[in-house]
Amino acid sequence: MKNTFITTILSALALLSLNTATAKTYTIVVDKDSTPEQAANTIVRHMLTEMGNQALEQRAAKGNKEAMLELGKRIATRDYLPDDQKLACSCLKMAAETGDATALFEMGRFAIYGFGMDKNPAEAAEWFRKAGEAGNSEGWRLLGTMTYNGMGIKADTQKAIEYWQKAADAGNGWAHNDLGQCYFRGDGVPRDWTKAIQLWSKGAELGDAGAQFNLAVCYLNGEEVKQDKATARKWFEAAAEQGHEGAVRALYQMDGEEK
């Protein structure tokens, strides 16, 4: 067993030495219950994958169109991101121009953060629009947020609601929360708490922490629903598991009151 483990590790080190020109530090997660052989295989698989990605990156950097397109697809799915930001942007844009919804959305993010390009909110909004039209609900959702806030595009609450509705219709939980907020406040639509709770309920079921928190508050306070602290706790806990700070504080307060 030990000899097999050592041989595999030595093989991995030998492979690594082939690519020392672009040496990087990686964190490889290995199951604690893995045998030495399984751990070694995990390391080797990871290294082979990284070497394959770097070889693809080198070909893309030389202008190989097939390599650029393949690298762009990997960047879109966040499987690999080259250190060369401009190369990453060029490859991703090539993938986006094929109509790939994920690549279109990621181009929007690149434009927002100025990754490999100048920051350009107006361009980001257009990429998000294209992503939404290609079937990416988060594209519609972020376009709605940008439109609501007037970020790179003229502020227009009604338009924002239209985009959020498109995202919600596609099953986007975050958009359900956004729409629920509008109905709760009467922002761009007639105030309708029943509608808000319906939207938050759907968003909560879809896993959005914000919708889970808002729904929990309604049940905790008995707002337009019968007060139900058990249900409130259920949704606070679901939101807290996702790191929602308000939900964590609410649970701490509930625990204090119940002592």
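In this structure, L179 is not a member of the same hydrophobic cluster as W174, with clusters built from ILVMFWY side-chain heavy atoms closer than 4.5 Å. By the rule that hydrophobic residues join a cluster once side-chain heavy atoms approach within less than 4.5 Å of another member, M107 and L81 end up as members of one cluster. By the rule that hydrophobic residues join a cluster once side-chain heavy atoms approach within less than 4.5 Å of another member, F105 and W140 end up as members of one cluster. With hydrophobic clusters built from ILVMFWY side chains whose heavy atoms lie under 4.5 angstrom apart, L104 shares a cluster with F115.
Side-chain contact between I153 and F128 is absent, with no heavy atoms from C-beta onward closer than 4.5 Å. Residues E57 and L87 have side chains in contact (heavy-atom distance under 4.5 Å, counting atoms from C-beta outward). Contact annotation: the side chain of I197 never approaches that of F184 to less than 4.5 Å [non-hydrogen atoms, C-beta and beyond]. Contact annotation: the side chain of N214 approaches that of Q181 to within less than 4.5 Å [non-hydrogen atoms, C-beta and beyond]. The closest side-chain heavy-atom distance from V189 to K195 is not below 4.5 Å. Counting heavy atoms from C-beta outward, N177 and W200 have side chains that approach closer than 4.5 Å. Between M151 and I112, the closest side-chain pair of non-hydrogen atoms falls below 4.5 Å. Counting heavy atoms from C-beta on, the side chains of N221 and Q227 never come closer than 4.5 Å.
With rounding to the nearest 0.5 angstrom, the CG atom of L215 is 6.5 Å from the CH2 atom of W235. The line from CG of D156 to CG of N149 is 12.5 Å long, rounded to the nearest 0.5 Å. With rounding to the nearest 0.5 Å, the separation of CH2 in W164 from OG1 in T145 is 5.5 Å. To the nearest 0.5 Å, atoms NZ (K93) and CH2 (W127) are separated by 6.0 Å. Going from atom CZ of F110 over to atom CE of M117 covers 9.5 Å, rounded to the nearest 0.5 Å. Atoms CD1 and SG, on I161 and C182 in that order, are 4.5 Å from each other to the nearest 0.5 Å.
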Apply side-chain hydrogen bond (donor to acceptor under 3.5 Å, both in side chains) to residues D100 and T98 and explain how you reach the verdict.
CA-CA 6 Å; D100 183 273; T98 67; 5.4 Å; no
Check against salt bridge (Lys or Arg N to Asp or Glu O under 4.0 Å), E126 and R129:
CA-CA 5 Å; E126 189 58 29; R129 183 191 303 279; 3.5 Å; yes
After noting the C-alpha distance and the side-chain angles of L69 and K73, does the key distance pass the side chain to side chain contact (heavy atoms under 4.5 Å, CB included) rule?
CA-CA 6 Å; L69 181 58; K73 291 178 180 178; 4.0 Å; yes
Do Y148 and D178 pass the side-chain hydrogen bond (donor to acceptor under 3.5 Å, both in side chains) test, and can you show the C-alpha distance, the side-chain angles, and the key distance before you say yes or no?
CA-CA 10 Å; Y148 183 84; D178 292 330; over 6 Å; no
Could you go through the side chain to side chain contact (heavy atoms under 4.5 Å, CB included) check for L142 and Y163 one step at a time?
CA-CA 8 Å; L142 285 181; Y163 297 140; over 6 Å; no
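Ring planes of F213 and H244: parallel class, angle under 30° (limits at 30 and 60°).
Checked by atom type, the side-chain pair R233/Y219 shows no donor-acceptor distance below 3.5 Å.
The neighbour count for Q253 CD, taken as heavy atoms of other residues, nucleotides or ligands under 6.0 Å away, does not exceed 12. Around atom CD of E66, no more than 12 heavy atoms belonging to other residues, nucleotides or ligands sit under 6.0 Å away. For E224, the CD atom is densely surrounded, since the number of other residues' heavy atoms within 6.0 Å is greater than 12.
Although no hydrogens or angles enter the test, the distance criterion places no donor-acceptor pair under 3.5 Å between the side chain of E106 and the main chain of G72.
In terms of heavy-atom proximity, A239 sits nearest to A209 at CB-O, 3.6 Å. Between A211 and G203, the shortest heavy-atom distance links the atoms CB-C, 3.6 Å. Taking both residues in full, the closest heavy atoms of P82 and A88 are given as CD-CB, 4.0 Å, listed atom of the first, atom of the second, then distance. When all heavy atoms of G116 and Q85 are compared, the closest pair comes out as N-OE1, 3.3 Å. Nearest heavy atoms, C91 versus I75: CB-CD1, 4.2 Å. Of all heavy-atom pairs spanning K65 and M94, the tightest one is O-SD, 3.6 Å.
When the options R141, K202, Q198 are evaluated for a side chain to side chain contact (heavy atoms under 4.5 Å, CB included) with H176, the one that passes is K202.
Annotation: W193 is not in aromatic contact with Y183 [ring centroid separation under 6.0 Å not met].
For the pair E70 and R74, the salt-bridge criterion is met [side-chain N within less than 4.0 Å of a carboxylate O]. Taking 4.0 Å as the cut-off between side-chain N and carboxylate O, K159 and E162 count as a salt-bridged pair.
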